[in-house]
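Below: one structure, written as structure tokens.
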Number of protein chains: 2
Amino acid sequence: MATASKAAARPRAPSKGEQTREAILAHALGLATRIGFEGLTIGRLAEDLRMSKSGLFAHFRSKEALQLDILRMAGARMVESVVKPALAVPRGEPRVRALFERWLAWEQSPSLPGGCPFMAASFELDDRPGPVRDFVVQNLRDWMDTLAGAARIAVNEGHFRAALDCEQFAHDCQGIGLAFVHASRLMRDPKAYARAASAFETLLQRCRAPGRRR
Amino acid sequence: MATASKAAARPRAPSKGEQTREAILAHALGLATRIGFEGLTIGRLAEDLRMSKSGLFAHFRSKEALQLDILRMAGARMVESVVKPALAVPRGEPRVRALFERWLAWEQSPSLPGGCPFMAASFELDDRPGPVRDFVVQNLRDWMDTLAGAARIAVNEGHFRAALDCEQFAHDCQGIGLAFVHASRLMRDPKAYARAASAFETLLQRCRAPGRRR
DNA sequence: AACAAAATAGTACGACCGTTCGGATCTGTC
DNA sequence: GACAGATCCGAACGGTCGTACTATTTTGTT
């Protein structure tokens, strides 16, 4: 079966082009979180990577395609480092907690010097229609659905009270996360993490089924 | 006393320059909330106002000065339409509530088609040092202090419980507001306002002195 | 080793950027 | 109504932007 598994997995060493393409996107992602998606410039990107503008540009047919590819990579990474690991955690409140904690960790990941790109894009693109905005909205919607879904499971497991509005729960989580970014990145508040953790604990408290304590 | 009051008030009809300057800033404020502070362009601004680029530019010595002036105007307007009216409301929980409600209303004010400029600037400038960022931080800090101060008063009035962490309260309010902007502007969620109101009510519930209900 | 294809570089383009400067036009004051 | 200063315009500067084209080099396959 060795040959079959090889054919099925088909790792197929990435070609040179795919390699540099990946490298470009990785660097662009870090850059975009810091200087924004509009502020991101092909010239600057090429300079950083010691490439020619045109050589870099050839990998993407337009700047918009580049932006979309960056967001695609960011979305995949987020699923990989936040959602997937949380699915390995027991259903119910533990998983909800894992989602939230990994989300904050992702937001502070060293590979994202400017924080979660979707957070930044949320406010940068909220008034600028187009496919980039659409992609961000879709991704955020998926994320909120993931949160709400995890809460729903916690309700079914009897961890959270039955009457809980799971969409409201997801909304409130988003608020805590946004306030966390606000406090840590803009205000440079050293207590930012403690504040977010405290807010989340209070939120959980309120969601638990009656008579249920940690 | 008529003459004295005249001298004291000193309305002094605004000169032509001051008029257009004000008009420029008013329009620039609306524009900046939509397309961002970096995206804001002197050429575009001049075109909108049917002025020459250089004529407009002459009112501000640089683009940075223009950005600062825009934010100064926004800050003044926010104090005028959010903070000041709330100070006319009875101390304690009513005033806290007034602050929050007027804040949401300000965020949706028709003169701010892109929403509160400080919200947008929070995420746009969080990684770009300079006087503009500093100004935003200072303004946001003042706002959070106002919120925390109002909560402190509510504690002293016996409306809120004595052990309340007022800074955490302000932080949580900020989260609710950010989530509101996120839901209404980006996600276009028609329930955005209801979600924010619900979150705020729950927050208040938790803050009240024991045995105190609405 | 040869050759087609893929990847990168070079150069140029029109558009717009923030800014400067000298001159035209307008305002307010005597 | 003249004069000074405020206000505004037009043209131009050096730069950078995204993108298009054509070469040149590198890669992968036979």
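Residue numbering restarts at 1 for every chain, and letters A, B, ... go by the order of the sequence lines. Computed from a predicted model, the values in this text were never measured in an experiment.
Sequence neighbours left out, the pairs with a member in residues 21-46 of chain A that pass side-chain hydrogen bond (donor to acceptor under 3.5 Å, both in side chains) are A:Arg21-A:Asp69, A:His27-A:Asp48, A:Arg44-A:Asp48.
For D:dA6, neither phosphate oxygen OP1 nor OP2 lies less than 4.0 angstrom from any side-chain nitrogen or oxygen of B:Ser15. At D:dG18, one or more side-chain N or O atoms of A:Thr41 fall inside 4.0 Å of OP1 or OP2 (strictly under the cut-off). Taking 4.0 angstrom as the limit, B:Thr20 places a side-chain polar atom (N or O) nearer than this to OP1 or OP2 of D:dC8. At D:dC8, one or more side-chain N or O atoms of B:His59 fall inside 4.0 Å of OP1 or OP2 (strictly under the cut-off).
Side chains of B:Asp134 and B:Gln138: a donor-acceptor N/O pair is absent below 3.5 angstrom, by distance only.
Taking atom CE of A:Met51 as the reference point, atom C1' of D:dT26 lies 13 Å away to the nearest angstrom. Whole-Å rounding puts the A:Arg50 CZ to C:dG10 C1' distance at 19 Å. Going from atom CD1 of B:Ile42 over to atom P of C:dC17 covers 9 Å, rounded to whole Å. The CD-P distance, from A:Glu38 to C:dC17, rounds to 14 Å in whole Å. Between B:Phe60 atom CZ and C:dT19 atom C1' the separation is 15 Å, expressed in whole Å. Between the C1' atom of D:dG18 and the CZ atom of A:Arg44 lies a distance of 17 Å, rounded to the nearest Å. Residue A:Ile24 contributes atom CD1, which lies 10 Å from atom C1' of C:dA7 at whole-angstrom precision. Note: CD (B:Glu64) to C1' (C:dG18) measures 13 Å, nearest angstrom.
Of the candidates D:dT19, C:dT19, D:dC8, the closest approach to any side-chain atom of B:Phe57 belongs to C:dT19.
On a pure distance criterion of 3.5 Å, a polar donor-acceptor pair joins the side chain of A:Ser54 and the base of C:dG10. On a pure distance criterion of 3.5 Å, a polar donor-acceptor pair joins the side chain of B:Lys53 and the base of C:dG18.
Backbone-only engagement by B:Leu40 is indicated by non-hydrogen atom pairs under 4.0 Å involving sugar-phosphate atoms exclusively.
Going from atom CZ of B:Arg133 over to atom CD of B:Glu124 covers 13.0 Å, rounded to the nearest 0.5 Å.
In this structure, B:Arg97 pairs ionically with B:Glu201, as a charged nitrogen and a carboxylate oxygen lie closer than 4.0 Å.
Checking side-chain atoms of B:Gln174 against main-chain N and O of A:Ala179 turns up no donor-acceptor pair under 3.5 Å.
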